[in-house]
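A note on names: the letters A, B, ... follow the listed sequences, proteins ahead of strands, and every chain is numbered from 1.
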There are 2 protein chains.
Amino acid sequence: MSLRDHAREAIRDEVAKHAWTLFAAHGYEATTVDQIADAAGMSRRTFFRYFAGKDELVLERLVESGNLIATALEQRPADEAAWPALRAAFSATIRLQEQHHEKSRPLQLMLRAEPALRATIETRRRLWVERLAPLTAARLPSTDAADRSGTRAAAVTASAVACLEAAQIAWAENPGTSLGELLDDAMGAVAPLR
Amino acid sequence: MSLRDHAREAIRDEVAKHAWTLFAAHGYEATTVDQIADAAGMSRRTFFRYFAGKDELVLERLVESGNLIATALEQRPADEAAWPALRAAFSATIRLQEQHHEKSRPLQLMLRAEPALRATIETRRRLWVERLAPLTAARLPSTDAADRSGTRAAAVTASAVACLEAAQIAWAENPGTSLGELLDDAMGAVAPLR
DNA sequence: CCGTCTGTGACACCGAGTGCCAACTTCGCC
DNA sequence: GGCGAAGTTGGCACTCGGTGTCACAGACGG
């Protein structure tokens with residue numbers, strides 16, 4: 001189990017490395033699966049045994065951030081309200097992005113520019129909301145309509161994610177701006193942050 | 001000009017009618033373009049001259065609602081704040097959906113269930129935010145950071161759209177609920193509605 | 001040494017989408 | 001009314017993403 005899986009993970013990383021080099025050079029859509037498989041030294045058919053599709057190469061990266069945000073949200077004080085807690089949970093991801101801005105800025109721009117990645121973006125949004133909404137639910141003021149608590153949590157979480165995306169776009173398009181300030185601005189415009 | 005265009009529009013409607021019948025019967029992804037073209041009595045190649053892609057058949061419907069929301073938002077009193085104005089602008093669309101719930105509920109469920117439509121959903125979201133954000137901007141409290149006003153408007157608009165989507169999902173999955181109440185609940189959980 | 005299990009590559013296939021070209025219709029103009 | 005231009009159509013071939021199938025190679029334990 002462990003030996004085989006370790007090798008598999010190593011191969012996945014290797015393939016992804018080649019793929020991202022090609023994406024950076026020619027863009028996502030213009031890079032064909034054959035080119036990636038070729039660069040990685042494997043057959044096209046084998047590529048699809050390691051990745052369900054070309055978009056999984058991109059999704060992989062985005063899911064990491066989701067987990068990071070989720071664990072950060074779990075570690076916020078339990079009595080903190082949902083909106084400021086979500087803002088705080090985004091901080092770690094934001095910091096990482098600003099540190100590696102030479103990598104993450106082009107990624108953000110690619111996500112906006114490539115129509116072929118729109119399905120991937122929607123998938124990411126769903127995964128994030130699915131993961132974060134249960135944690136958000138516990139931070140909402142309790143009401144008598146308990147059956148709608150899931151919907152409320154989903155709405156608040158999706159709104160926060162939408163603010164994060166808006167801030168990320170603005171940050172990617174305007175070099176020199178602070179992603180943290182942009183996010184404070186975006187989320188603060190929707191609801192007070194404390 | 002007008003004669004040709006009128007015929008073209010009529011053909012588009014005719015094709016769309018056949019397509020939606022097939023979608024309802026077999027689902028979106030399971031319906032091939034060949035089947036649609038066949039049902040409409042035209043060649044596959046000609047279909048692609050009327051629609052840029054299979055997904056345009058779905059997007060067409062969703063864009064209408066966006067325009068409806070935009071005109072509703074334009075007609076709200078100018079001094080109304082962004083959040084309640086957006087809530088009110090959604091009302092007309094909501095009413096239409098509840099009236100034609102035998103059609104719109106399956107559409108909502110299809111949008112969630114078909115992975116092939118995720119790119120279409122993301123496209124709709126962008127079109128709506130692009131259309132509504134300028135109208136939202138005028139309703140935000142003015143600050144000194146004028147250069148970020150676009151980002152704030154995008155964040156608020158995208159949050160409202162996210163709430164609408166959350167309410168629509170809950171409504172589609174729970175027959176007998178009121179879409180208006182669900183939306184009040186969702187948007188009210190994010191920010192006060194008045 | 002033999003059976004088995006896994007990874008791999010090759011081939012064929014499907015569906016979405018596009019470029020190209022030949023045939024046909026429609027329209028306007030002489 | 002005829003004639004040429006312009007637009008519409010359909011067929012063909014092609015690209016690209018993705019899947020099913022099969023046959024082959026190597027690792028493994030009995």
Nucleotide nearest A/Asp34 when distance is taken to its side chain, options C/dT8, D/dG17, D/dG10: D/dG17

message: Rounded to whole Å, please give me the gap between CD in A/Glu56 and C1' in D/dG18.
response: 13 Å

query: According to a strict under-4.0 Å criterion, is A/Thr46 in side-chain N/O contact with OP1 or OP2 of C/dG9?
result: yes

- prompt: Where the side chain of B/Arg45 is concerned, which of C/dA16, D/dG20, C/dG19 is the nearest nucleotide?
  reply: C/dG19

- prompt: Counting only side-chain N and O atoms of B/Tyr50, is one of them less than 4.0 Å from OP1 or OP2 of D/dT8?
  reply: no

task: Select one nucleotide: of C/dC20, C/dA16, C/dG9, the one nearest the side-chain heavy atoms of B/Arg44.
output: C/dA16

- prompt: Where do B/Trp128 and B/Val161 come nearest, in terms of heavy atoms and distance?
  reply: CE3-CG1, 4.2 Å

- request: Please evaluate the base of D/dG10 for a donor-acceptor partner in the side chain of B/Arg49 within a cut-off of under 3.5 Å?
  value: yes

field: From D/dG17, C/dG15, C/dC20, nucleotide with atom closest to A/Thr32 side chain
entry: D/dG17

- prompt: Can you name the one residue among A/Leu57, A/Asp38, A/Asp34 that meets side-chain contact (heavy atoms from CB on, under 4.5 Å) with A/Phe47?
  reply: A/Leu57

message: Are the side chains of B/Met42 and B/Tyr50 in contact, using a 4.5 Å heavy-atom criterion?
response: yes

task: To the nearest Å, give me how far apart CZ (B/Arg118) and P (D/dG17) are.
output: 20 Å

- request: Under the side-chain contact (heavy atoms from CB on, under 4.5 Å) rule, what do B/Arg76 and B/Arg139 come out as? Steps first, then yes or no, please.
  value: CA-CA 10 Å; B/Arg76 298 298 304 173; B/Arg139 300 174 181 278; 3.5 Å; yes

field: Atom-to-atom span, CG of A/Asp55 to C1' of D/dG17 - whole angstrom
entry: 10 Å

